[in-house]
Protein chains: 2
Amino acid sequence: MRIAEAANASGLSIDTIRYYEKSGIVPKVQRGSDGKRRFSKENVDWLTLLFWLRETGMPVKTMHRFAVLYQAGDDTIPERKTILLAHADFLKKRRADLDRCEEVLAYKLATYENLQGESLASSKP
Amino acid sequence: MRIAEAANASGLSIDTIRYYEKSGIVPKVQRGSDGKRRFSKENVDWLTLLFWLRETGMPVKTMHRFAVLYQAGDDTIPERKTILLAHADFLKKRRADLDRCEEVLAYKLATYENLQGESLASSKP
DNA sequence: CCTTGACCGGGACTAACTCCAGGTCGGTAT
DNA sequence: ATACCGACCTGGAGTTAGTCCCGGTCAAGG
């Protein structure tokens, strides 16, 4: 499949895919006789994984490390596992941030209600 | 309170606070006779709110708009409310992303278990 | 034959910081 | 008195993770 389709399937933008390939996060993609990229299913799965990792805040540096390990074969599975587990942990922290931010928003919105209530209801002594 | 303390209290870094002030996201902070910033409680509350908005992905541009409204007085509360509600909505999307990413990680980790199980357990026909 | 659409690489631009160099001020140690 | 220290200052360069734009190529269709 060509890059537009791969972008669609993975969630990444075309530019980002090219950028990822340039920076070695995506194993060199095959080219057709026309010189254009041809993405295999494995390529697209990989891009999709990258999409989710990045979307949830994994630094590209870490993804790069992960990519190197991936290309080095199954011996590197323990370290890859460590990376993913660390990220899973990071997601927990993110979730806690969302919780906290929701609290803050709720509080802030509540004070707005009060302020508006004050100015709209002409019921102050 | 001085900048170091304000940074500590709000969660932002010292550099980020200065950067926010430069870009007009923080109303001009008072200075002591020594020329150094002195943060009021209101300043710190504002910084803390900014911290949570930014931490959860609000673009600085939006925060800037929010800051302008904030400094324009209570008439702007409806629009400020809209911004915060939109952000609350955005948080929902983020949460869904976390859910999805956790699924992806769990799946990936499971395949690792299988691969390892295969290579470690010498029980293949 | 000519145009259109999808793709190409290279390089400029952007966002949101982060780091650094060189300078000032107030307080303490000598 | 002076030397030094730590916390702060400004301005500017560097970093990350893209995004955008340009001129160029190629295959297919009118």
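In the text below, chain A, chain B and the rest are named by the order of the sequence lines, each starting its count at 1. The structure displayed is predicted, hence computed values, not measured ones.
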Original post:
Are any non-hydrogen side-chain atoms of Arg80(B) and Asp74(B) less than 4.5 angstrom apart?
Top reply: yes
Original post:
Under a 4.0 Å N-O cut-off, is there an ion pair linking Lys41(A) with Asp45(A)?
Top reply: yes
Subject >> First and last nucleotide of DNA chain C, 5' to 3', lying under 4.0 Å from heavy atoms of chain A >> reply: dA6(C) to dG9(C)
Original post:
Can you tell if the side chain of Arg2(A) reaches within under 4.5 Å of the side chain of Arg37(A), non-hydrogen atoms only?
Top reply: no
Original post:
Crowded around Gln30(A) CD? As in, over 12 foreign heavy atoms under 6.0 Å?
Top reply: no
Subject >> Straight-line distance of Leu12(B) CG to Ile3(B) CD1, nearest 0.5 Å >> reply: 10.0 Å
Subject >> Segment of DNA chain D, first to last nucleotide, that comes within the 4.0 Å heavy-atom reach of chain B >> reply: dA7(D) to dT10(D)
Original post:
Taking for each residue the nucleotide of DNA chain C bearing the nearest heavy atom, is the 5' side occupied by Tyr20(B) or by Ile3(A)?
Top reply: Ile3(A)
Original post:
Which residue, Pro59(A) or Arg18(B), contacts DNA chain D at a nucleotide closer to its 5' end, judged by nearest heavy atom?
Top reply: Arg18(B)
**OP:** Could you tell me whether Glu21(A) and Arg18(A) make a salt bridge, using a distance below 4.0 angstrom between a side-chain N and a carboxylate O?
**Re:** no
Original post:
For the side-chain contact (heavy atoms from CB on, under 4.5 Å) test, which of Arg94(B), Arg54(B), Met58(B), His87(B) pairs with Cys101(A)?
Top reply: His87(B)
**OP:** Identify whether the distance between the nearest side-chain nitrogen and carboxylate oxygen of Arg95(A) and Asp99(B) falls below 4.0 Å.
**Re:** yes
Subject >> Near-strand residues of residues 22-45 of chain B, defined as heavy-atom separation under 4.0 angstrom from DNA chain D >> reply: Arg31(B), Gly35(B), Lys36(B), Arg37(B)
Subject >> Donor-acceptor under 3.5 Å (Asn8(A) side chain, Glu5(A) main chain) >> reply: no
